[in-house]
Protein chains: 2
Amino acid sequence: MPHTLAGGNLTFNPLYKEVKIRITRRLIAGEWKPGTAIPSESRLAEQFNVSVGTIRKAVDELVAEKILVRQQGRGTFVATHTEDRQLYYFFHIVGKDGSKEPPAHELLSFQKGKADSAAEMRLNVSRGERVFRIHNLLKLAGKPVVLDEIMIPAARFPDLTEAIFSARAGTIYGLYQARYGINVVRISERLSAARPGAQTAGVLGIRVSTPVLVIKRVAYTYHDAPVELRTSWVNTERHEYLSDLWKNERR
Amino acid sequence: MPHTLAGGNLTFNPLYKEVKIRITRRLIAGEWKPGTAIPSESRLAEQFNVSVGTIRKAVDELVAEKILVRQQGRGTFVATHTEDRQLYYFFHIVGKDGSKEPPAHELLSFQKGKADSAAEMRLNVSRGERVFRIHNLLKLAGKPVVLDEIMIPAARFPDLTEAIFSARAGTIYGLYQARYGINVVRISERLSAARPGAQTAGVLGIRVSTPVLVIKRVAYTYHDAPVELRTSWVNTERHEYLSDLWKNERR
DNA sequence: TTCGATTTGTTCGTATGTATT
DNA sequence: TAATACATACGAACAAATCGA
């Protein structure tokens, strides 16, 4: 049967793409919470009036994007921002000896202020909108290695306070997800080398003459909507940024 | 029917994984040359005595790894190292304004020497084995931006000379592929910030006090066999390293 | 421990749509 | 136009993992 569903088929996507969009819509709506199982493939097939194979192909893509996670015999789950996921997909700093460890966090400052021009450009905020500006120090093996400056629009994090931020149970993106329903699904990073400012050098425990790696990250949720702007200054004397476009992805 | 092929099924992979391995073997053997079409899915199904769906799943993975390329109505082709592929999957330097352009190459030196300890470590060469050491300057918008030092084991590139290297028609990996049957399918890169040496600063046209981005790349062929070691020094005054773990991959 | 129900994973087969030559 | 090749969609059967009775 050719795919002659009534109703808005204006863009004329293949059926499995439409199904994928409808599943994503229900994810955005928060119908299925992170960590919980979505309906079984056969049940979804009934609900959407398509074959199981079509559901499978739609879910395949969402799994490839790490938005859903399949487990044979158990079900298909909405991905959560656990420490593991953080370490594997969003944190790229490794020891020069190849070691990989979850960083310890130390909150340096938490302020509410106005968006600067970079935030206006990269985030989708208007001129002078309120943003949270958070400084966070990451330590590896007990020593400071990364200084993070996080910028998020205050409008999307209504009641956020320093206490809530530092009392979070898991990762930062886990907090976004659990408390504000904002699910970071993709990041884009731009790297350059620079001399650190006096303050930055101070907290990293290096001299101002020591070059640092500067990472400018934009974090996106569904539909490529930017939700966070983050600048990191990295001391690369003992650590490196690992960009392995395949190995990590494939288990 | 349950998958009871005779013969070595020791590891007990699913059938489509075995098919994938057998296809990869034929690619390694050079049975299907880069740029040419492999047999149609139905023909492969006959050859391997499996269903078309199983072939499809095996090819799906090879396409996802960019080893094969499908074209509806035409066939499935062995990926070639064209300038486009180079620009999209192996070259990550973009202008700070977001511009992306293919770099102009200028060969600075071409020598044969002995492997250093880094090459021994990362490449799979033994102590003091012969390697080619090539220095290449990359220009963007007419100005030097990246200095490359390429190291490759001489044993795998038998008759390579400076003339052959500089007279190549396409990309460097295209030369490896066309002339030596070595197909680079994956790279892994480690980035750090450093002060450039006097020579490096000289060719890049910067002062020694200007930090540079240092990229250490290992290029792999099938089965994760390393074939090239490359160190790049990047002037990031007007350019950045773009690490977008999804966007580029998905079209 | 065993068994059965449930769910995803694999494999097969068939039909039809769409793009290319 | 016709043949060929990949793309989409459906359905069925069994395997493998999980979980609770």
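Please read all numbers here as calculations on a predicted model, not as lab measurements. All chains are named by letter (A, B, ...) in the order of the sequence lines, taking the proteins before the strands, and each is independently numbered beginning at 1.
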Enquirer: List for me each residue that meets side-chain contact (heavy atoms from CB on, under 4.5 Å) alongside B/T80, sequence neighbours excluded, and say none if there are none.
Expert: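 Counting only residues at least two positions away or on another chain, B/T80 forms a side-chain contact (heavy atoms from CB on, under 4.5 Å) with B/P34, B/T82, B/Q177.
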Enquirer: Counting just side-chain N and O atoms, does B/T76 come under 4.0 Å of either OP1 or OP2 of D/dC6?
Expert: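 Affirmative; the distance criterion is met.
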Enquirer: Residues two or more places apart in sequence or in another chain: which of them pass side chain to side chain donor-acceptor pair (under 3.5 Å) with A/E106?
Expert: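 With sequence neighbours excluded, A/E106 shows a side chain to side chain donor-acceptor pair (under 3.5 Å) to A/K139, given in chain and number order.
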Enquirer: For the pair A/E228 and A/R156, find out whether any cationic side-chain nitrogen is under 4.0 Å from an anionic carboxylate oxygen.
Expert: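 Salt bridge absent between A/E228 and A/R156.
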Enquirer: Taking the side chain of A/Y16 as its heavy atoms from C-beta onward, which of D/dG11, C/dT11, D/dT8 lies nearest to it?
Expert: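 Out of D/dG11, C/dT11, D/dT8, the nucleotide with an atom closest to A/Y16's side chain is D/dT8.
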Enquirer: Measure from CD1 on A/I55 to C1' on C/dG9 and round the result to the nearest Å.
Expert: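 Going from A/I55 (CD1) to C/dG9 (C1'), I get 16 Å.
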Enquirer: May I ask you to say whether B/E65 pairs ionically with B/R186, meaning some side-chain N is under 4.0 Å from a carboxylate O?
Expert: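 Salt bridge absent between B/E65 and B/R186.
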Enquirer: List in numerical order all residues of residues 31-41 of chain B for which some heavy atom is under 4.0 Å away from an atom belonging to DNA chain D.
Expert: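 Per residue number, the list reads B/S40, B/E41.
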Enquirer: State the CG-CG distance between B/N49 and B/L15, to the nearest 0.5 angstrom.
Expert: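 It comes to 10.0 Å.
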Enquirer: Pairing donors with acceptors under 3.5 angstrom, does anything connect the side chains of B/T221 and B/Y176?
Expert: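 The answer is no; no qualifying pair exists.
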Enquirer: Using a 4.0 Å heavy-atom cut-off, does B/S42 contact any base of the nucleic acid, only the sugar-phosphate backbone, or nothing at all?
Expert: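 No contact.
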Enquirer: Looking at B/Q71, I want to see if its CD is surrounded by more than 12 non-hydrogen atoms of other residues, nucleotides or ligands under 6.0 Å.
Expert: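 Count over threshold, so yes.
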Enquirer: Under 3.5 Å, is there a donor-acceptor pair linking the side chains of B/Q47 and B/R26?
Expert: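 Yes.
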Enquirer: Let me have a per-nucleotide readout for nucleotides 16-21 of chain D, 5' to 3', with B, S or -, counting only protein heavy atoms under 4.0 Å.
Expert: BBBS--
Enquirer: Indicate, with a heavy-atom threshold strictly under 4.0 Å, whether A/G53 touches base, sugar-phosphate, or nothing.
Expert: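 No contact at all - A/G53 keeps every heavy atom at 4.0 Å or more from the nucleic acid.
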Enquirer: Atom NZ of residue position A/K33 - does it have more than 12 heavy atoms of other residues, nucleotides or ligands inside 6.0 Å?
Expert: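 It does not: A/K33 NZ has 12 such atoms or fewer within range.
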Enquirer: Given C/dT10, D/dT8, D/dC6, identify the nucleotide with an atom nearest to the side chain of A/P14.
Expert: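 When the side chain of A/P14 is considered, D/dT8 is the closest of C/dT10, D/dT8, D/dC6.
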Enquirer: Can we call the ring centroids of A/F90 and A/Y173 under 6.0 Å apart?
Expert: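 Distance test on ring centres: under 6.0 Å, yes.
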Enquirer: B/D60 has an atom CG; how far is it from atom P of C/dG9, in whole Å?
Expert: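 Spelled out: CG on B/D60 to P on C/dG9 is 15 Å.
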Enquirer: By side-chain contact (heavy atoms from CB on, under 4.5 Å), which residues pair with B/V69, not counting sequence neighbours?
Expert: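 Listed in chain order: B/A79.
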Enquirer: Rounded to the Å, how far apart are A/K57 NZ and C/dG9 C1'?
Expert: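 Between C1' of C/dG9 and NZ of A/K57: 17 Å.
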Enquirer: What is the distance from CG of B/L15 to C1' of D/dA13, rounded to the nearest Å?
Expert: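 In whole Å, D/dA13 C1' lies 16 Å from B/L15 CG.
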Enquirer: Does a donor on one side chain sit under 3.5 Å from an acceptor on the other, for A/D159 and A/Y180?
Expert: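 Yes - a donor-acceptor pair under 3.5 Å links their side chains.
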Enquirer: A/E18 has an atom CD; how far is it from atom P of D/dT8, in whole Å?
Expert: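 Atom CD in A/E18 sits about 13 Å away from atom P in D/dT8.
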Enquirer: So, is A/R43 close to the C/dT7 phosphate, meaning a side-chain N or O under 4.0 Å from OP1 or OP2?
Expert: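 Yes.
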Enquirer: What's the closest nucleotide to the A/R56 side chain, out of C/dT11, C/dT8, D/dC6?
Expert: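 Looking only at heavy atoms from C-beta outward on A/R56, the closest nucleotide is C/dT8.
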Enquirer: In whole angstrom, what separates A/L44's CG from C/dT6's P?
Expert: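 To the nearest whole Å, that distance equals 16 Å.
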Enquirer: For the helix from C/dT2-D/dA21 to C/dT21-D/dA2, what angle separates the axis at the start from the axis at the finish, each from five pairs, in steps of 10°?
Expert: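 Between the axes fitted at each end of the helix from C/dT2-D/dA21 to C/dT21-D/dA2 lies an angle of 10°.
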Enquirer: To the nearest angstrom, how far is B/R70 atom CZ from C/dT20 atom P?
Expert: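 Result: 16 Å.
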Enquirer: How many Å lie between CG on A/N49 and P on D/dA9, as a whole number?
Expert: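 A/N49 atom CG is separated from D/dA9 atom P by 14 Å.
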Enquirer: Less than 4.0 angstrom between a side-chain N/O of B/T54 and OP1 or OP2 of C/dT10, yes or no?
Expert: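 Indeed not, no polar side-chain atom of B/T54 lies that close.
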